[in-house]
Amino acid sequence: MYVRGVGPRVAALLEAKGIRTAEDLLYHLPFRYEDRQHPRALDELKAGETASVIGEIRSAGLVRTKRQPIFEIALGQGAFTIKCMWFNGGYLQGRLRAGQTIALFGRIEASRSSRNLKMIQPQFELLPEAGSDDMTRLLEVGRMTPVYESLGGAQLASRWQRKVIFQLLEGIRGNVPECLPEAMLKRHGLPERERALAETHFPPEGTPANELELARTAAQRRLIFEELFFLELGLELKRRRSREQRGIAFQATDAAREAIREILPFHPTAAQKRALGEIVSDMREAHPMRRLLQGDVGSGKTIVALQAMVVAMENGYQAAMMAPTEILATQHYLAARKLLGKRRYRIALLTGSVEADAKRSLRRQMEQGEVQLVIGTHALIEENVEFARLGLVVVDEQHRFGVMQRFRLMKKPNEAEPDVLVMTATPIPRTLALTLYGDLDTSVLDDLPPGRTPITTRRVGSDRADEVWEFVRGQVTAGRQAYLVYPVIEGTKDDQQELDFARDESAAEPKQETAVKQAEGRRAATLFAAAMAATAEAKMELRSATEMYERLRVGPFAGLRVGLLHGRLNADEKEVVMRRFQRGETDVLVATTVVEVGVDVPNATVMVVDHAERFGLAQLHQLRGRVGRGSAKSYCILMTGERVSTEAEQRLEAMVATQNGFELAELDLKMRGPGEFFGTRQAGLPGFRVVNLIRDKELLELAKQEAAKFVTAPDPEVTELERRRVWDHLKQNWQRRYGLMEAG
Ligand code: ADP
Ligand code: MG
């Protein structure tokens, strides 16, 4: 569709932001609104508040300081003026000129030198001159003005979007196809689609500002509901489809029961028993299992998965298990060999570092059914493997999306669908679980194996490092082992995050935080040149794994056996280091977040995380989960660097306050919002356009009910045409929006 104001060059910019169609543009909603119906009067402003003001530029110019040029304007309203400044504001010269009318939004600050107030780096928008055409003027002032995320520099900023979107809405007036049944909308008092879009972009006069901010107007609710409804409808459909597929009806024979019992080295917990019961009863059904096994770190998921795999093998089928890292795949492989040893199953390990020859022969054995259990990494699906009789696929952590599809292709074309069990340690709050895993049945391991004592968590500043080393020595003397985790591999020059296994959102976060801080630091320094200069200059001193390994083993840990593990070692080296630690041949393991996921060494009782302020909650929780796995008392020590942000402070406090993954996840969700939520990237949270899952909880429930009803109980009020529209809309949107979520 042709949109006024969008030529090929702009189209390319938009495309880079994921906006390809007119519809995409219409669903690019304002992220806030500015009340320009009632802009604030300068004489009533107070320092500390955030306000929107409109006035005339009385004077404008660049002020050169030693460090950087500052662009200053005096904004006037009648007899009052306020100073506004932008650092490094050279780019504003010529753009902001005396006589122009401007709208500003930002924090009001007190001025040190005078009683005057000022605004620093406010957002601004030049308003059309009096006498310019009415339409533009109408969109900019005297209303609740929509403010948009920029779509590419100043050119495609809010003002541009207002105009283009307004024209677009005008152009298609009366032609926006409805995608929801009228009866459904009526039931919940929601407006039709066209009106909802128009009023969300340009709220009609009198729309309460607070309702807009909370996304609670009928127009906004309609768009939120729409997005959630189609998500839930798609999930509902997938659930039904998988029920209709032909699966394998495994039998819980006496031999299988006997085998399961035999491999158990301990009494299963009540939760493990219940989960296995649920899994086996799914496996016995003639349709394929699609089940999620959720359990906090250390809750004992592995053994449950092994038991399920035994059922498959006792039925004459093959099983495959995929882990996110080589260390973990190897660990599972060794555990399987040990536990299943008596049963003489043929078990193989397939990872990226297996040599080509060996791989080839392994592939042949899988194809011919000579291998019954294959444990591996991503390499498993990257090889062109076909199984003779694939019965069960277990996917450990993180790897759900896109992966299952591939596994299904690995079976022979006319064979039945294998069962699938996904395991995750991400404690997903119920709200999100509904959405993310709406198409999977869920089993939860909500208790820990017996004999675990709670982990004591302490926060200390790095100035008390000596005490920490002393404590670690004491534990080692008592026969225990310790982890020591650093955020980076090497020294400050190489300020690279450990990326290897830390794919979690939070891994990237500290760096951004630093960047923002440094930028702020720079700004402040210019402002209060002398006083603040030191802060801005202060270099980030980061202790690193390699450097501390070298220092500690000749210093505080002299005489102890110290190991070093990080993502730049090759797979063999990593394995050697990890095995040594597992066998107790190393006392202290200095590492990066490589140790994060799933590593199991029950004799390790101390987890020291240095620069803990730089880790996200998810990571800290995972790291702490590496200890407290045996019966001895365990400790988690969170050491912090010199500067700790308010958010980091909150994370650390939460870690000290609770050990419950679900509580931490809820908190993380609140602190960072669903976009950044606890491992959601691994979990494949769909990218919503309108929805905010925390804010829109009840609409989610509503959408889910409506979706289920739509599929199961035809509403006589819904016409055939309306039904068809719903399905068409789903078809067009699902693959594009949620394609990544395909679980098969
Ligand atoms: P996760 O759920 O994090 O994958 P694991 O499966 O690695 O947890 O189990 C953690 C540890 O607890 C392992 O050492 C495992 O052998 C042990 N374990 C699991 N279940 C039990 C149980 N019922 N009783 C005692 N120890 C158990
Ligand atoms: Mg595990």
Side-chain angles (χ1 to χ4, degrees), residues 260-279 291-310 321-325 327-341 375 394-400 421-428 442-455 480-481 483 501 504 578-579 581-584 593 595-605 607 618-632 634 636 659-662 664-665 678-679 682:
I260 286 177
R261 256 193 307 276
E262 202 183 290
I263 66 163
L264 265 185
F266 31 59
H267 289 295
T269 64
Q272 283 172 321
K273 265 195 225 158
R274 190 179 57 230
L276 183 68
E278 287 162 356
I279 291 165
R291 187 167 280 276
L292 175 72
L293 178 58
Q294 201 186 349
D296 211 342
V297 281
S299 59
K301 296 182 289 293
T302 318
I303 191 83
V304 176
L306 284 174
Q307 288 177 307
M309 294 196 284
V310 164
M321 181 177 195
M322 192 166 113
T325 65
I327 290 179
L328 276 183
T330 310
Q331 184 176 290
H332 286 324
Y333 171 72
L334 295 173
R337 289 255 309 248
K338 197 164 112 200
L339 292 170
L340 307 181
I375 296 174
V394 176
V395 183
D396 188 14
E397 320 266 6
Q398 307 186 1
H399 263 132
R400 175 182 173 209
L421 180 68
V422 183
M423 304 199 287
T424 180
T426 308
I428 303 164
T442 309
S443 295
V444 182
L445 295 184
D446 51 9
D447 56 11
L448 292 179
R452 305 266 171 91
T453 43
I455 303 165
R480 309 287 169 217
Q481 290 161 281
Y483 296 98
F501 296 90
D504 170 329
M578 210 48 233
R579 286 255 196 104
F581 192 66
Q582 254 157 352
R583 284 200 292 251
T593 48
V595 293
E596 188 181 323
V597 196
V599 172
D600 186 34
V601 182
N603 190 49
T605 55
M607 167 60 70
Q619 274 181 316
L620 290 173
H621 179 63
Q622 284 283 341
L623 288 170
R624 181 166 59 185
R626 297 308 107 217
V627 297
R629 304 192 135 232
S631 49
S634 289
C636 173
Q659 204 178 318
N660 182 316
F662 284 91
L664 289 172
F678 223 64
Q682 301 120 309

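Just so you know, ligand 1 is whichever comes first in the structure, and atom 1 is the first atom listed for that ligand.
Interface atoms of ligand 1 facing T269, defined by a heavy-atom separation under 4.0 Å, are 23 (N). Which parts of ligand 1 touch R629 is read off a 4.0 Å heavy-atom cut-off, strictly below it: atoms 3 (O), 7 (O), 10 (C). Taking a cut-off of under 4.0 Å to the non-hydrogen atoms of T302, the atoms of ligand 1 that pass are 4 (O), 5 (P), 6 (O), 7 (O). Listed by number with element, the atoms of ligand 1 under 4.0 Å from a non-hydrogen atom of P268 are 23 (N). Taking a cut-off of under 4.0 Å to the non-hydrogen atoms of P449, the atoms of ligand 1 that pass are 18 (N), 19 (C), 20 (N), 21 (C), 22 (C), 24 (N), 25 (C), 26 (N), 27 (C). Taking every non-hydrogen atom of H267 and a distance limit under 4.0 Å, the qualifying atoms of ligand 1 come out as 22 (C), 23 (N), 24 (N).
Annotation for P450 and T269: closest pair CD-CG2, 4.0 Å, computed over non-hydrogen atoms.
With hydrogens and angles disregarded, a donor-acceptor distance shorter than 3.5 Å links the side chain of Q272 to the backbone of G300. Judged by distance alone, with hydrogens and angles left aside, the side-chain atoms of Q294 form no donor-acceptor pair with the main-chain N or O of T442 at under 3.5 Å. A donor-acceptor distance shorter than 3.5 angstrom exists from the side chain of R274 to the backbone of V444, with no hydrogens or angles considered. Under a 3.5 Å cut-off, the side chain of K301 and the backbone N or O of L293 do not form any donor-acceptor pair.
For a threshold of 3.5 Å applied to N or O pairs, the pair formed by G300 and ligand 1 contains at least one separation below that value.
Taking CD of Q582 as the start and CG of L334 as the end, the distance is 7.0 Å to the nearest 0.5 Å. Distance CD/Q331 to CG/D396: 9.5 Å, rounded to 0.5 Å.
Heavy atoms from both the backbone and the side chain of S299 come within less than 4.0 Å of ligand 1. Contacts of M423 with ligand 1, taken as heavy-atom pairs under 4.0 Å, are absent altogether.
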